Amino acid sequence: MDAIRADELIGLFQSWRDMFAAERDFLIALDGKVGDSDLGITMSKSFAAAYDTVAAEGAAAGLTKLLRSAGAIMAKTAPSTMGTLTATGFLRGAKALEGKDAIGTAEAAAFWRAYATGIAERGKAKLGDKTILDVLDPVAGVLEAQAASGAALAPALKAAADEAEAALERTKAMKAQHGKAAVFQEQTVGLQDAGATVGVFLVKAMSGYVAG
Amino acid sequence: MDAIRADELIGLFQSWRDMFAAERDFLIALDGKVGDSDLGITMSKSFAAAYDTVAAEGAAAGLTKLLRSAGAIMAKTAPSTMGTLTATGFLRGAKALEGKDAIGTAEAAAFWRAYATGIAERGKAKLGDKTILDVLDPVAGVLEAQAASGAALAPALKAAADEAEAALERTKAMKAQHGKAAVFQEQTVGLQDAGATVGVFLVKAMSGYVAG
Amino acid sequence: MKKFLNDPANFVDEMLEGIYRAHPQVTYVNDDKRCLVVAKPKAGKVGIATGGGSGHLPLFLGYVGDNMLDGCAVGGVFQSPSADQMHEVTKYIDQGAGVLYIYGNYTGDIINFDMAAELADIDGITVKQVVGNDDIASSVVGEEHKRRGVAGIFFVYKAAGAAAANGLSLDEVTRLADKARANVRTIGVALSSCVVPEIGHATFSVGEDEMEIGMGIHGEPGISRKKLAPADAVVDEMMERVFAELPAGAGDEFAVLVNGLGGTPKEELYILFRRVSQLFEAKGSKVKYVWIGEFATAMEMAGASISVLKLDAELDPLIAVSVNTPFFAHYKA
Amino acid sequence: MKKFLNDPANFVDEMLEGIYRAHPQVTYVNDDKRCLVVAKPKAGKVGIATGGGSGHLPLFLGYVGDNMLDGCAVGGVFQSPSADQMHEVTKYIDQGAGVLYIYGNYTGDIINFDMAAELADIDGITVKQVVGNDDIASSVVGEEHKRRGVAGIFFVYKAAGAAAANGLSLDEVTRLADKARANVRTIGVALSSCVVPEIGHATFSVGEDEMEIGMGIHGEPGISRKKLAPADAVVDEMMERVFAELPAGAGDEFAVLVNGLGGTPKEELYILFRRVSQLFEAKGSKVKYVWIGEFATAMEMAGASISVLKLDAELDPLIAVSVNTPFFAHYKA
Ligand SMILES: Nc1ncnc2c1ncn2[C@@H]1O[C@H](COP(=O)(O)OP(=O)(O)O)[C@@H](O)[C@H]1O
Ligand SMILES: Nc1ncnc2c1ncn2[C@@H]1O[C@H](COP(=O)(O)OP(=O)(O)O)[C@@H](O)[C@H]1O
Ligand SMILES: [Mg+2]
Ligand SMILES: [Mg+2]
Ligand SMILES: [Mg+2]
Ligand SMILES: [Mg+2]
């Protein structure tokens, strides 16, 4: 697949839904270490709702409308920190792609940049604060570089997914500054951040979907 | 010992206290089967208070005054069913011995008869209802027979204690009609009654104390 | 045992000290903290006393206050108070109009209240008694006198308290209290045991996936132990027994109490009430008054009970009367 | 998991249905049960909204009622409600005088209330925010903005509710709410975990003989886990931290809230209060108002918290105002 159009976007949401359903218990356990164990529940719920919504609206609604609808329903369905932040990400991503009907490498870069910036604004987190931002910011950076070098979508996303995994690994060394994990301070060092893990899952599933 | 005078009565209360302290956990467990597990606590508490009271008053107070004081403090200390019934027993027993300063066989018979009657009136239980009455009524009967035949206190109490054990055995076949055990109905058949067990302990400790 | 306490032997008296420090509306007589009374008895009013074991807060003492009770003899955990203590409370709350005892049907309490009534009689105080026996799981129809008293006594207190506050005579207060008693039914369900401080461990157990319908508030056995069912099914089974004794027809009106036994969150009590309300609705009956929360507990026992009072023209206005006690406030809207 | 529920996914909505069936004083807007509001808003009054996760009853929605709050956005168990729901509540309770949000300092709630305030601003509704951060165990002095909000928010609600009922402006209501917020400190101690219905098992554990001082109401870690000590020693340790931040001198006056986290019997809360009262007494300070019971819970968690509000001439009369909500009634004597 060389670009994601409205039709494929619906399929991508199905992949995300299935992946978060499968990772539900893993994310519950991960969030349970220095959080409140809800992450698996909120992510599986909100992506299930998002898929249902985009599937019901259908490809005719168009790429950006589907992204907006997904963001809106996610904000209603799972208003946890990660739920609201991912929802904000989709809404901002939709805005960034206004007028586009396909996501190629450049659009993917724009999408994830807007996504990361939206999260940073809403959550008031900085890089290095051990959040999802520490994965999505480098992901956007890699995609921007890939776009600049004219890479096709599949290899660009593969590079982004690899960078996401590396970035997640780097969150282990950080100390949580936000949310429920923040009170654990030093104890969070050595652990991968739960929200950053969600970031990796999002990018990897997208990469896998595009690779077919 | 051929009779229990005020001095010995204090010693008898000490024996009762020690015995109920030793049997505390056993009675808790026994009452736990078809009751509320408080019997070991209430009995050990009330006899500890009774001993402290009679020891503080001293033998000079006289036999019946000591019995009355014991009954009164027991009623205050442990107002559970068995606590109030045994307290009533001591108060009625004291009344029956009015004017006496020693308990020989005849007085022991009068004491336990009054004790049993007091319990029957206060608790409105009949013979065969699986209560302490099913031990104390035959105990009084044996003592009355022993007194009639001129037996000394020690062998009379030994006979009473033997009868108490036999009577307790007979409570196993009965169905509880009163108190917390009553709701267990058929399930109480086969179990010895907890209150009747207290009756056996009272008489056996008295017999043991008199035997030396 | 995981409890906030110092010496278990002082559990009740330290709790009472906390209560007196928190609530100056109540005090005690005879230099005995376990003889709890209202600080300002109302002259000329029929006095209402209750009593029973500790471990059931807000039962029993929590209902001493404006338009409810005047005194309470407080026992050890799950143990009756003494006749002596009841007698002291009786003497203080008698304002010349006599005293009504309202308490639950347990041998220990009966024996002691009977003795206290005898002692009060010697003092020339007229005492009447109403003995709560609302627990339908504890004996069959026709043998109601053997039934235990549980959370439904709340309605008896409320009716009697209002009647006394209205200035009615001891005979009338007794009649109305007894009418409330006769019109209330309770059924409980337990999910776990509880720990008596001086014993220190659970006195019985309920299996990890089991419930016991009809278990008493001291852990007395119920009528069936089975696998925990969905909330709606549990309520259906419980209410079927209630409706068998208190038929609910079109236009009938009721007061309902959904009571937590101690360890059950309020969220769950509301899930139970949702179904109770649906069942009354299906019968065309009205739940005119409802209270949901902890009214008669068994320490930290997980579980709940449902009490239902059938209203009539006499009971309805009594249940509606505002009440203010340290543990329970009811503002008439 | 031993709970009264049907499908865990319906836990919150069925609970809410029970609440609406029981308490006609509250209703909901936007056809969404999770947007709870007073049935009869007072014209011209500053509206006060709160919101937060479920599982904490009577927090948060239980304080919607006369002289307290006007609306509450209700989240899933331990989850924030959505910005959308907060916005709907805001629109309904705004009576032209603006709306104050009072909620606890949790990232999810902040993010959503911020978004809701933006949406309300677009509608031309003025919104102010006061974010409760009373839990002294959750961050050190100097970093108070990082502290969690727990049971002490009760006093913020009470002060703000009274100020709004007195007809004060949004700025004044906000100022007084913020003053209450700045003057309240809470410290908690947990003895056990709790079970989120959709998770189905305890999310953390506390050893059989352990306690954790400072644990949050979602199980967030506290400041020390150690062997359960006698009640007096536990209170001494907790109150030492409170007194370090809210000095109590001769003649100073306080309001105190002893709050059960869900599974702890009231008896034990009174044993805790006994000691709290002794400590104030020893300092010559007065506990002028006290509430003891369940005010902010964590499902069936065993444990308690102590909240202390330092009174002054402005806060005192606000705390004294009578209140009547479905979950909390306070009758001024
Ligand atoms: N202020 C913030 N900005 C960005 N990300 C945040 C912020 N606070 C928390 N996070 C992310 O959210 C994750 C936790 O998400 P979630 O479980 O939904 O939180 P909660 O249960 O506390 O609402 C963290 O691992 C972190 O990556
Ligand atoms: N009405 C009664 N009359 C005589 N004895 C009774 C009566 N009810 C109960 N008992 C006796 O009391 C015993 C239980 O005593 P106790 O544990 O003190 O009761 P509770 O804990 O119910 O107050 C029973 O085993 C029985 O022997
Ligand atoms: Mg979480
Ligand atoms: Mg017993
Ligand atoms: Mg409780
Ligand atoms: Mg509770």
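Residue numbering restarts at 1 for every chain, and letters A, B, ... go by the order of the sequence lines. The shown structure was predicted, so the numbers you read here are calculated from the model rather than taken from an experiment.
- For chain C, no part of A298(D) is nearby; none of its heavy atoms comes within less than 4.5 Å.
- Put simply, of I271(D), V256(D), I292(D), V287(D), the one with the most heavy-atom pairs under 4.5 Å next to chain C is I271(D).
- Ranked by heavy-atom pairs under 4.5 Å with chain D, the first of P230(C), G260(C), S277(C), G293(C) is S277(C).
- Counting only distance, with no hydrogens or angles, the side chain of S54(C) and the backbone of G75(C) share a donor-acceptor pair below 3.5 Å.
- Not counting sequence neighbours, E240(D) has no partner by the salt bridge (Lys or Arg N to Asp or Glu O under 4.0 Å) test.
- Residue I19(C) touches chain D through both its backbone and its side chain, counting heavy-atom pairs closer than 4.5 Å.
- For chain C, the option among S192(D), C194(D), A329(D), A22(D) with the highest count of heavy-atom pairs below 4.5 Å is A22(D).
- Between the side chain of E268(C) and the backbone N or O of F4(D) there is at least one donor-acceptor pair closer than 3.5 Å.
- Both the backbone and the side chain of V189(D) have a heavy atom closer than 4.5 Å to some heavy atom of chain C.
- Under the 3.5 Å distance criterion, the side-chain polar atoms of E267(D) are matched with a main-chain donor or acceptor of H56(C).
- Although no hydrogens or angles enter the test, the distance criterion places a donor-acceptor pair under 3.5 Å between the side chain of T264(D) and the main chain of G303(D).
- Between chain C and the options K2(D), E210(D), E208(D), the largest number of non-hydrogen pairs under 4.5 Å is found for K2(D).
- For an aromatic pair to be called close, the ring centres must be under 6.0 Å apart, and F295(C) with F155(C) fails this.
- Looking at V195(C), there are no atoms closer than 4.5 Å to chain D (heavy atoms on both sides), in backbone or side chain.
- Both the backbone and the side chain of L57(C) come within contact range of chain D, with heavy atoms under 4.5 Å apart.
- Proximity to chain D is limited to the side chain of E281(C), based on heavy atoms less than 4.5 angstrom apart.
- Using a distance-only test at 3.5 Å, with no hydrogens or angles considered, a donor-acceptor pair links the side chain of Y20(C) to the main chain of K33(C).
- Taking 4.0 Å as the cut-off between side-chain N and carboxylate O, K3(C) and E300(C) count as a salt-bridged pair.
- Heavy atoms of H23(C) lying under 4.5 Å from chain D belong exclusively to its side chain.
- Put simply, of V290(C), V258(C), L272(C), the one with the most heavy-atom pairs under 4.5 Å next to chain D is L272(C).
- For N259(D) (side chain) and A296(D) (main-chain N/O), a donor-acceptor pair under 3.5 Å exists by modelled atom type.
- Side-chain N or O atoms of N324(C) include none that pairs as donor or acceptor with a backbone N or O of D66(C) at under 3.5 Å.
- The closest donor-acceptor contact from the side chain of T325(C) to the backbone of G62(C) lies under 3.5 Å.
- Contacts from residues 7-17 of chain D to chain C, taken as heavy-atom pairs separated by less than 4.5 Å, involve F11(D), E14(D), M15(D), E17(D) in sequence order.
- Contact of L191(D) with chain C is made through backbone and side chain together, with heavy-atom distances under 4.5 Å.
- Side chain of K158(C) to backbone of V321(C): a donor-acceptor contact under 3.5 angstrom is found.
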